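Just so you know, these numbers come straight off a predicted model, no measurement behind them.
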Amino acid sequence: YASWEMSLGDFVGTNIPVIIAVFMIIYNIFNISVSNRLKDFGILRCIGAKPSQIRKLIFGEAFYITIVSVPVGLLLGILGSKVFAIASSK
């Protein structure tokens, strides 16, 4: 019979690769975003922005994106798992 219970080893074994993949995807998205805006950052430097100000700009944008995307992702994940549970119980 199928059991929904997982041991800690099963949990870690199945989730670590997913977590690593998610971090790689997030890193790649931010890396592409910053790479595409290098010209903009160069212009900011030319008009007097300090490297620390540009760094704050990048981290500030990442922070605000995170503040919005984490709750949305959690809500969609919970909703999706409930829909899947209802669909699979029929």
Side-chain angles (χ1 to χ4, degrees):
Y1 89 72
S3 173
W4 289 98
E5 296 178 16
M6 293 179 87
S7 70
L8 181 60
D10 292 337
F11 180 77
V12 170
T14 56
N15 286 326
I16 294 296
V18 171
I19 292 169
I20 291 171
V22 167
F23 277 117
M24 290 173 66
I25 290 168
I26 292 170
Y27 171 78
N28 194 23
I29 289 169
F30 278 112
N31 191 19
I32 290 170
S33 173
V34 170
S35 296
N36 288 338
R37 295 176 54 204
L38 281 177
K39 183 178 177 182
D40 299 337
F41 298 141
I43 292 170
L44 288 173
R45 288 283 291 140
C46 287
I47 62 172
K50 297 177 185 172
S52 63
Q53 291 173 320
I54 294 172
R55 212 172 8 259
K56 285 180 186 177
L57 176 71
I58 294 169
F59 286 123
E61 289 175 0
F63 175 76
Y64 287 120
I65 290 170
T66 303
I67 291 298
V68 171
S69 62
V70 167
V72 170
L74 287 172
L75 290 173
L76 288 176
I78 291 169
L79 178 66
S81 65
K82 288 188 183 221
V83 168
F84 179 75
I86 291 169
S88 65
S89 68
K90 292 182 179 181

Among all residues two or more places apart in sequence or in another chain, which pass the side chain to side chain contact (heavy atoms under 4.5 Å, CB included) test with [X]?
{"X": "Val18", "result": "Val22"}
{"X": "Ile78", "result": "Lys82"}
{"X": "Asn36", "result": "Ile32"}

Practice task
Using a 4.5 Å cut-off on heavy atoms from C-beta on, say whether the side chain of Asn31 contacts that of Ser35.
Solution key: yes
Practice task
Kindly compute the distance separating CZ (Phe59) from CZ (Phe30), expressed to the nearest 0.5 Å.
Solution key: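 Phe59 atom CZ to Phe30 atom CZ measures 10.0 Å (nearest 0.5 Å).
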Exercise for the section: Check each of Ile25, Ile19, Ile20 against Phe23 using the side-chain contact (heavy atoms from CB on, under 4.5 Å) test, and report the only one that passes. Expected result: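 Result: among Ile25, Ile19, Ile20, Ile19 is the only option passing the side-chain contact (heavy atoms from CB on, under 4.5 Å) with Phe23.
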Show me the donor-acceptor pairs within less than 3.5 Å that the side chains of residues 67-77 make with the rest of the protein, sequence neighbours left out.
{"from": "Ser69", "atom 1": "OG", "to": "Ile65", "atom 2": "O", "distance (Å)": "2.8"}

Can you give the donor-acceptor pairs under 3.5 Å from side chains of residues 37-45 to other protein atoms, not counting sequence neighbours?
{"from": "Arg37", "atom 1": "NH1", "to": "Glu61", "atom 2": "OE1", "distance (Å)": "2.6"}
{"from": "Arg37", "atom 1": "NH2", "to": "Glu61", "atom 2": "OE2", "distance (Å)": "3.2"}
{"from": "Arg45", "atom 1": "NH1", "to": "Ala49", "atom 2": "O", "distance (Å)": "2.9"}

Handout entry: Shared-cluster residues of Ile86, by chain and number - hydrophobic side chains joined below 4.5 Å
Key =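 Its cluster mates, by chain and number: none.
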